[in-house]
Amino acid sequence: MTPIQFVKMQGLGNDFIVVDCIRHSYNVKSLIAQAAALCNRRIGIGADGLILVMAGHAGNYRMRIINSDGSEPEMCGNGIRCFAKFVFEHGLTQEKTFIVETLAGPIIPVLTVVDGVVTRVCVDMGEPRLERAEIPMQGADGQVVEEPLRVEGQTLNVTAVSMGNPHAVFFVDNVKNCPVQQLGPIIETLPVFPKKINVEFVEVLSPTALKMRVWERGAGITLACGTGACATLVAAVLAGKSERAATVTLPGGSLQINWSDKDNHVYMTGPAQEVFSGHIGSGK
Ligand code: ZDP
C-alpha cells in the first residue's frame, strides 16, 4: 500500500489526523474505513478524529471529518480551524479567507497570519438551528430551552442546539464534580435523539464567562469541542444566562464565541497547532 502522508494537528487539545486528498489521490473510502484504527491511541496514531482535506465546488474546499469511532459527523469547530491553518501553511492557498464545504453547509474561516504562520482563526460557523426537529430531537414542535429530561431516574433540564451537528446543553452549579463519564454516554444514546447527540455540562461563571466539559458523540470525553462551545453560548443566551459574546473555557483552553444579533451567525475564534507529521502504511 502506498504510504499516506499525514499531519497531526490540535485545537485546544482536540486532536486530529489531517490528510491532504487534494494533492494526493488517496483512496478516501479505505481511509475512512481505517479511521477508527488510525485514531486508536494504542494501535494507531491516536486522535479524536480524522480530517480529509478535499476540493469543493467552484474553487472552494471541502472538509470531511470522521470521529474516532468511525462515524461521520456534519461539522467540527476545532477541526475546521486546523483545516484552515493546514491549507494556508501547506501552500494550498495564499488567501486568508475561503469557503469550506461541510455536511452542515458552507463555513468561512478568516486567518490571522504573522510571518507566514497562522496564529488564530475566526470562523463564521453559520446560524444555529433551534427547532426541535432540526436538532434532531423527538417531541412537539418548538425550541428546547431548559426542558425537563429524564436521565437514569433523575430529571435534568436540557437546552438543545444544532450547529449542523447536535448538542444537548445542561447548566450545572459546579462542572468539576459533574459525572461526565457516567452521564455522557447515556444521554448521547437516548432514543429521544435519533442521530445521537454531543453532551455539554456548563457552569456559568459570569454573563461573559462560561466553563464547560464535553462528552462528544462518537468520541467520548475530549479536551475541547468547538461546535459544543458555540452551542453552549447560544444555549446560555436562550436561557437568559449570558450575553451574546463570551469566553467559553474548556479543559483544553478557551474560545471566544460571539452570536451576532446582526446576521444571527455564530463566530468562533481560537488557535490551531501542527504537532508532527509522518506517513501511514508500509509499517512492515
Ligand atoms: O458531532 C459530533 O459527532 C462531534 N463529535 C464532531 C466533532 C466535533 C469537534 N470536536 C468540534 O470541535 O466541534 C471536532
Side-chain angles (χ1 to χ4, degrees), residues 8-19 32 35-36 38-39 46-53 63-86 100 102-105 107 109 120-126 128-129 134-137 160-169 180 184-185 187-190 193-202 210 212-235 248-257 266-273 275:
K8 183 74 188 302
M9 303 187 76
Q10 58 94 5
L12 302 184
N14 195 196
D15 56 349
F16 307 97
I17 300 162
V18 180
V19 176
I32 292 175
L38 292 171
C39 288
D48 294 321
L50 168 70
I51 289 178
L52 304 181
V53 177
M63 175 180 74
R64 291 185 73 175
I65 161 115
I66 311 298
N67 282 323
S68 55
D69 73 346
S71 62
E72 180 168 6
E74 304 83 352
M75 214 337 239
C76 71
N78 293 321
I80 202 148
R81 295 198 316 276
C82 293
F83 182 105
K85 180 178 173 87
F86 180 91
V100 183
T102 72
L103 289 177
I107 301 288
R120 209 170 60 147
V121 187
C122 174
V123 186
D124 175 353
M125 300 283 280
R129 298 134 200 201
E134 295 175 305
I135 305 299
M137 182 176 177
V161 173
S162 169
M163 291 306 301
N165 59 348
H167 296 270
V169 179
V180 178
I187 298 168
E188 175 194 3
T189 55
L190 284 174
F193 303 121
K195 288 194 174 169
K196 300 188 187 178
I197 201 154
N198 297 284
V199 186
E200 287 85 18
F201 298 95
V202 180
L210 306 169
M212 63 173 269
R213 291 172 60 204
V214 60
W215 173 272
E216 282 199 40
R217 175 184 67 169
I221 286 184
T222 61
L223 290 179
C225 181
T227 50
C230 295
T232 290
L233 185 273
V234 169
V248 178
T249 300
L250 305 105
S254 295
L255 291 169
Q256 300 307 318
I257 311 291
V266 178
Y267 295 87
M268 170 196 67
T269 304
Q273 289 298 323
V275 187

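Only this structure's heavy atoms are used, side chains among them; waters, hydrogens and symmetry mates stay out. Whatever order the structure lists ligands and atoms in, that order sets their numbers, starting from 1.
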field: Check ion pair R64-E72 (N to O, under 4.0 angstrom)
entry: yes
field: Protein residues having a heavy atom less than 4.0 Å from any atom of ligand 1
entry: N14, F16, N67, P73, M75, C76, G77, N78, N165, N198, E216, R217, C225, G226, T227
- request: Please check if atom CZ in R120 has more than 12 non-hydrogen atoms from other residues, nucleotides or ligands closer than 6.0 Å.
  value: no
field: salt bridge (Lys or Arg N to Asp or Glu O under 4.0 Å) against R217, all qualifying residues, sequence neighbours excluded
entry: E74
- line: Only one of C230, C76, C225 passes side-chain contact (heavy atoms from CB on, under 4.5 Å) with M163, and that residue is C230
message: Under the rule for salt bridge (Lys or Arg N to Asp or Glu O under 4.0 Å), what residues qualify as partners of D48, not counting sequence neighbours?
response: R41
task: Under the side chain to side chain donor-acceptor pair (under 3.5 Å) rule, collect the residues that match up with K196, sequence neighbours excluded.
output: none
